[in-house]
Amino acid sequence: MIGSLAYCILGTLLLGAVAQDTAPQIGVNDSLWYPYDETLLLKPLPNNDLLLSFTFQLQSEAFDPAVSSHSFDVYEYYTTFPRAIPPLLESTATRQFHLRFTRGFWDALSWGQLPHGGKQAGASGVELWSLVQAADQEQAFQNWKKLANSLSGLFCSSLNFVDESRTTFPHRSYASGSASPLFNDTENLYLMRASLPNEPICTENLTPFIKLLPTRGHSGLTSLLDGHKLFDSLWNSISLDITTVCPENGDSLCHYEMEAHIDMATHVPSALARNERPIPKPLDGSSLRCDTDKPFDSYQCFPLPDPSETHLKLSQLFAKPIKNGNLFANRPTKICADVDRSAWTAYLSVDDTMFSTHDNCFELSNDQNESGSGYDFVLESLDTTQVSPVDPVPIHVGRSLTGNGQDRGGIRTAFHNDKDTPVKLIYFESLPWFVRVYLSSLQITSTTSSQLQEDDIIIDKYYLQAADRQRPAHLEFTMIIPAHSDIVMTYQFDKALLQFAEYPPDANHGFEIDAAVITVLSPESGSPVYEMRTSTLLLSLSTPDFSMPYNVIILTSTIMGLIFGMLYNLMVKRIVTVEEADKIMLHSGLKYKLLKLKEKLLKTKQTKID
Amino acid sequence: MALLEKLHRRVVDMGLVPRVITLLPVISTLCALFGFISIAILPMDGQYRRTYISENALMPSQAYSYFRETEWNILRGYRSQIEETVNMTSTERNNLMGSWLQEFGTKTAIYENEEYGETLYGVMHAPRGDGTEAMVLAIPWFNSEKEFNVGGASLGVSLARFFSRWPVWSKNIIVVFSENPHAALRSWVEAYHTSLDLTGGSIEAAVVLDYSSEEDFFEYVEVSYDGLNGELPNLDLVNVAISIIEHEGMKVSLHGLPYDQLGDNDFFSRLKILCLGIRDWALSGVKNPHGNEAFSGWRIQSVTLKAHGNGGHDITTFGRIPEAMFRSINNLLEKFHQSFFFYLLLAPRQFVSISSYLPSAVALSVAFAMSSLNAFINNDYASISLFSEYNLVAVLVWFISMVLSFVISQLFLSVLPAGLLMTISLAICFLPIALSGKVHISEPLSYRLKNVAFLYFSLVSTSLLMINFAMALLIGTLAFPMTFIKTIAVERPSEPETGTRSNISIKTEPKDEMQLNEHYKEGTLEKSQQRQKLKNLLLLILTNPFISITVFGLLFDDEFQGFDIINKLVSAWIDLKCWSWFILCLGWLPCWLLILASSFESTSVVVKSKEKQS
């Protein structure tokens, strides 16, 4: 403990404070405060759903990019910043990477926009993109591959399956790659992106994630994060963004910033009911909620919708209270509720005392909770239908596969803009190479206005054709969806045949196709304002019966054997006419030989007698 | 090869080849007989197998089903409301149901089809999955008997509500309320794969519910599984349904078997289910569809569950079947692929696989090939060159009959009534008799026409038997009497070059008969010829595809009256894209037309055989 303290003090003394307000300060009781920030935002959504957003922010110590970490006299030290990350960034020349683990269905129709403008939510499965500094694309890809493999180990995910056939170099999307420093002017920054849509997200991804945070699940908000509860939700997303920040004032010292988010949307009544009855068995007759306006007796009951009053404790949702404040950050742990104040009240409960604030934001201090019972957060409402207004999404996009059969198919994307203004967006799609897209079959139709031309909708097309086993098809369209319109974009593709060894385990499951990424641009500045993903798709390719090769081997071997036998026969035998054959048989057949033998025997006998 | 050589020489020595050639008609009939016998012995002990769940992930009935107790109250609550919607317009009814579904978070949409009405569907997104797969619970508002599916609809909504509380789903659940189980449901499935905006991923399996009674109790469950165009759902799904039903203590009926026959399991009961199964399989889509047919063609496995009778089991027991089935399907990581896609059920728990039943259809198509061979080599004209005018004319006639058949198939899709088709069919059967003495064809042409006809039919039935076994077997059986139609040869009108064979006035098919006939007097000859003509007429009527299928429908299925089946064949194509009509029109009809042409009176021709030329 003393050693590490000393280490930290040494660090601050040598390299100076990161920033004035986050400067570590040594308190009277030897406590040390670190640049770490955690907040939790609760937002009730319509239909008794609740959005919980955890945000964690931290910074590394400053470092001089000009000095290699391998040089002899450089110390490497980490305070709260996870130790695993900086060496990884250095060895792969990565300036920033973004990792997303997302699962579930975001109900944009009733919940509105994704949290954080959609920038922290990935497509279903794992999504990774990063900005890598390299001399050329080849080297960038090598670094990227290394990064993906390391992250695969770090997060127990299948990111090691990221290879060239899944990697795209986004052209205009993912512009969040904003300004990243270039340490070597002769090199370039490369933006690469890959996603694994069929990756199941589970606790084994969450645990290493929590371990990256300094509180490690022992205090502060991370003490709430339990895999069982987090993944028992309608939609959840874990995101991690690491960026390199260098001050622009010419200061040579840079630092890393880490931003981690965990967002989940859960249906409160069923989450609470699960505490009482882990199995959703039928209710008792007495606890049925029936519509008394309709026929109603002990035999029949027309069910009422979920009750609209709620009393929700955070400890009920997560089965445990918040253990404490975060204990060492320069800012206290913060919990906020984004609620309609006319219908909702939010309390912080400490040792059975309830506190409330005017802005529904609470800061958890480290020392007030002496008894160890932890903090609890309570949300109460008499009318849960009244929620603070949700931001409607700028555009609704639905994507589905069309057609039947094993050899061809189509993809249909429907854009629905119910706003008064046209929406400009970038449509990004990365399709695996075995989907052979015919861009010539691209069709834009509209159910609302018939005189639409393709050029009116798609104003810029970027298309990189797939190369078998080398590269996915990469589509990036800049589109304008007119106000109050439904636009449908369709195109057809052929399904390629895979080689026998290319089928994954559970080959009959089908092949997941990446979600399309839609980046909505601001009409004025053209900068991204909202990001969203469509659902992933399941493509069924013709899949062989995997016992078939053995049948084929047996059959071909038999046929080969027969053919060989016949050929051999033809080659070693003389061809004669039937008459000739009969003649020869008279002098050489088995019968003839037997006869000869008999004659011989008889002869010898005769001679003997003689 | 020495053994084969020896065998060959022995065969040649014994003169078997010509003997076999004369016996070809008998061999053909024997082949067909072998086909029938080989299928009739399948229900015997030792020929069939017990069903088993092939995909280990399914684990039917391993989890306790909870659709019971107060769920019954809720179901009754919904039912009392649904009972009042009978007289509503479909829009009102769908809007009401949609509002109920939305209450527990289902995303609903209404698919509007101008021709087939509105279909309401709702997607419940899976909390534990990536949302790329879906299971469908389909409830037609009116079932195949046009009864209001009140029990089914209340089960549908209360099950959906029940499912929404369960966190276990890894596949989306889609609830579909269509107007009827045939065209309306089919049009929704088609739209789902082409034009719907609200979708829930690729559909893995579908369960159609049919509970039309307003009663709380029912007696047994009928499972329908036949898909269109010979497609069957994976045996695993059928097994799961049957094992769950039996696990819940109910009896399973297949192919409309009544309650008192459900306990039987002997040779004849199995044979009965087998035959009914082949009938229903062949006529699937043409018969009143149960609902599961609508899902054929997109790799969706589907079954229909229909409640029958009164008393015994309560309606929630019926609801527990789809519940447990969905739990099972939900376990799947892969699409249904482990078990059989081609099978015949002999009893709910007994089946035969394709390798056991296929030989019968193969034998039938071999029988036709033998008849074709017979028409080619078993007469005086075997030595005619392959490119002779007769062969070419036969192929030309075949081509014309194909075109004609196609025109007929297209015409009846929209314009002409079934009665007219039957009248025409019957009328042209009399053409050979009516025109006897006026129209003659040459004898070799008659044989060549038969040759082409049977060869074509054999090819059709061979290519059909893998994908649609029942259809191949059915048309093979019904068309087989065609092979007994004989060529009528009359004396050639006096022409100079009759030459060597002018003494032979009348010929019937086999040579030895011909020689026999020479000994008869003119009168007997006339008489036997007349008899043969009448026999031909009868066979022609019997084997006309339209007459034959109508008679089959009337005799073996209570569903069809009059010329119903023709209309249903046509509407099956229009509504459901069921090919049966085209199989009849393009597979069978050209063959029949050729046989018709061949049965006109024919005149013998002198053939210069190769030996004579040399």
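The structure displayed is predicted, hence computed values, not measured ones. Numbered from 1 within each chain, the chains take letters A, B, ... in sequence-line order.
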pair [X]-[Y]: side-chain heavy atoms closer than 4.5 Å:
X        : Y        : answer
A/Asn508 : B/Gln338 : no
B/Pro167 : A/Asp232 : yes
A/Arg412 : B/Asp197 : yes
A/Leu283 : B/Glu69  : no
B/His337 : A/Thr543 : no
B/Glu334 : A/Pro505 : no

Select one option (side chain, backbone, both, neither) describing which atoms of B/Leu198 are under 4.5 Å from chain A's heavy atoms.
-> neither
Toward chain A, the part of B/Thr194 with a non-hydrogen atom under 4.5 Å | backbone
Rounded to the nearest 0.5 Å, what's the gap from [atom1] on [X] to [atom2] on [Y]? Could you check?
X        : Y        : atom1 : atom2 : answer
A/Leu537 : B/Thr199 : CG    : OG1   : 8.0 Å
A/Gln300 : B/Leu75  : CD    : CG    : 10.5 Å
A/Thr402 : B/Tyr192 : OG1   : OH    : 12.5 Å

Please report the shortest heavy-atom distance between [X] and [Y], naming the atom on each side.
X        : Y        : value
B/Arg128 : A/Phe231 : NE-O, 3.6 Å
B/Asn73  : A/Ser298 : ND2-O, 3.3 Å
B/Glu71  : A/Pro282 : OE2-CA, 3.9 Å
B/Arg299 : A/Leu541 : NH1-O, 4.2 Å
B/Arg165 : A/Lys281 : NH2-O, 3.2 Å
B/Thr132 : A/Leu538 : CB-CB, 3.7 Å

Who are the disulfide (SG to SG under 2.5 Å) partners of A/Cys301, not counting sequence neighbours?
-> A/Cys290
Please classify the contact of [X] with chain B as side chain, backbone, both or neither, using a heavy-atom distance under 4.5 Å.
X        : value
A/Arg274 : side chain
A/Glu199 : neither
A/Pro269 : neither
A/Leu288 : side chain
A/Asn47  : neither
A/Thr536 : both

Output the option from A/His509, A/His396, A/His267 having the highest count of non-hydrogen pairs under 4.5 Å with chain B.
-> A/His509
Highest number of heavy-atom pairs under 4.5 Å with chain B: which of A/Ile279, A/Leu401, A/Asp284?
-> A/Ile279
Sidechain-backbone polar pair: A/Asn404 side chain, B/Gly297 backbone, donor-acceptor under 3.5 Å = yes
Polar side-chain atom of A/Asp306 near backbone of B/Phe104 as donor-acceptor pair, under 3.5 Å | no
Determine the option with the most heavy-atom pairs under 4.5 angstrom with chain A, choosing from [options].
options                              : value
B/Arg9, B/Glu204, B/Gln102, B/Glu190 : B/Arg9
B/Trp72, B/Phe67, B/Trp100           : B/Trp100
B/Ser195, B/Gly131, B/Gly201         : B/Ser195

Which members of residues 77-86 of chain B, sorted by number, sit under 4.5 angstrom from chain A on a heavy-atom basis?
-> B/Gly77, B/Tyr78, B/Ser80, B/Gln81
